[in-house]
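Quick notes on the structure that follows.
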Amino acid sequence: MYRFGQYLRELRKQRNLTINQLALYSGVSAALISRIENNQRSNPKPDTLKKLASALKISYEELLLYAGVLSEQPNKATSKPSTLKPVDSTWYERQVPIPVLGSIRAGTPVEMLALNSSEFILVDSYILGNHEGFALEVVGDSMNGDYIFDGDIAIIKFTSNFSPQDICVVAINGEEATLKRVKCQGDICILTPSNPTMEPMVYDATLVHVIGVVVEVRRRFKSR
């Protein structure tokens, strides 16, 4: 039988990645990856496989099949994998870490961002352009018209330049922060949710400061 650990090692080598690099890109510890490759850890969790699939640029379903989690095509679990399709060789080089600064309410503004950068995630520097970036966990449902839901991770680029179409991280009076579309007219700024059950909020323009613009949203599935 072609063992999953050997399969994972070959995938990693085809991507020219060390174990430490795969750990960095996937968020799976190097120690766990090593145990899996040496067949010392059976039945990796689906969440672990999903992270590895994303980092290796391979179908999540295919990795589930080879790991034996799915059995619709059992022959795949016992045969040697084919050569991976090539990916943009610069993709791994473009990955940069950005801090997760805490949570932001997509409803009524709450206290300003807690600058807790103990957690970092990797993003493609291409989406940030020449800007620094950070991430926030969304709380609330006022932006669900844009498919941004409670618990999602919003990737933000630091910039005070925005258009009415952009979804912005907005500071209110230097003490509160929220996620909204912003339109300023004269001496007022209108903060608009995309949830049709909620009303826009109006503030004095001198109290409103755009910190950044959402460039990507990621979903985290919570285990029950």
Side-chain angles (χ1 to χ4, degrees), residues 22-29 32 44-61 63-64 67 69-70 95-128 131-159 162 165-172 175-182 191-201 208-224:
L22 180 56
L24 175 64
Y25 297 135
S26 66
V28 178
S29 73
L32 178 54
K45 295 180 179 179
D47 182 60
T48 298
L49 295 173
K50 186 173 185 178
K51 293 177 180 178
L52 291 172
S54 177
L56 291 165
K57 315 303 286 182
I58 186 174
S59 162
Y60 177 42
E61 289 75 15
L63 210 59
L64 288 172
V69 178
L70 298 180
Q95 301 307 297
V96 294
I98 62 171
V100 179
L101 297 185
S103 60
I104 185 169
R105 186 167 292 277
T108 305
V110 294
E111 292 182 1
M112 272 293 287
L113 312 177
L115 298 179
N116 177 14
S117 57
S118 60
E119 180 183 359
F120 289 80
I121 60 175
L122 290 173
V123 301
D124 192 330
S125 60
Y126 177 80
I127 67 173
L128 298 177
H131 301 272
E132 296 294 321
F134 63 99
L136 295 167
E137 182 175 357
V138 176
V139 178
D141 60 0
S142 75
M143 299 307 291
N144 62 13
D146 291 289
Y147 301 98
I148 300 177
F149 299 101
D150 186 81
D152 286 353
I153 299 297
I155 311 301
I156 318 292
K157 68 176 180 181
F158 276 113
T159 180
F162 65 96
Q165 290 74 39
D166 289 327
I167 299 171
C168 303
V169 175
V170 188
I172 309 297
E175 297 178 352
E176 300 172 320
T178 189
L179 201 64
K180 294 288 183 293
R181 284 190 171 83
V182 182
L191 278 56
T192 306
S194 60
N195 185 330
T197 68
M198 297 183 178
E199 296 293 329
M201 297 177 290
V208 175
H209 173 64
V210 172
I211 300 173
V213 172
V214 177
V215 293
E216 182 181 313
V217 175
R218 299 180 182 180
R219 185 138 303 143
R220 285 182 174 177
F221 294 97
K222 298 178 181 178
S223 57
R224 301 191 178 203

Nearest-0.5 Å distance that lies between atom [atom1] in [X] and atom [atom2] in [Y]:
X: L64; Y: K50; atom1: CG; atom2: NZ; value: 10.0 Å
X: T192; Y: M143; atom1: OG1; atom2: CE; value: 8.5 Å
X: I121; Y: Q95; atom1: CD1; atom2: CD; value: 10.5 Å
X: K157; Y: L128; atom1: NZ; atom2: CG; value: 8.0 Å
X: K51; Y: L32; atom1: NZ; atom2: CG; value: 9.5 Å
X: M201; Y: T178; atom1: CE; atom2: OG1; value: 4.5 Å

Among V213, I127, V214, side chain to side chain contact (heavy atoms under 4.5 Å, CB included) partner for I155: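 With I155 as partner, V213, I127, V214 yield a single side chain to side chain contact (heavy atoms under 4.5 Å, CB included), made by I127.
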Donor-acceptor under 3.5 Å (D124 side chain, Y126 main chain):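 Looks like yes, one N/O pair under 3.5 Å.
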Using every non-hydrogen atom in the two residues, find where [X] and [Y] come nearest and quote the distance to one decimal.
X: P97; Y: L122; result: N-CD2, 3.6 Å
X: D141; Y: M198; result: OD1-CE, 3.0 Å
X: L49; Y: A67; result: CD1-CB, 3.7 Å
X: S194; Y: R181; result: CB-NH1, 4.2 Å
X: F162; Y: V210; result: CE2-CG2, 3.5 Å
X: G140; Y: D150; result: N-OD1, 2.8 Å

From CA spacing to verdict: side chain to side chain contact (heavy atoms under 4.5 Å, CB included), V215, V123: CA-CA 10 Å; V215 293; V123 301; over 6 Å; no
Within the 4.5 Å heavy-atom criterion, are [X] and [Y] side-chain neighbours or not?
X: L179; Y: V170; answer: no
X: V217; Y: D146; answer: no
X: P46; Y: Y60; answer: yes
X: F158; Y: I211; answer: yes
X: L22; Y: V28; answer: no

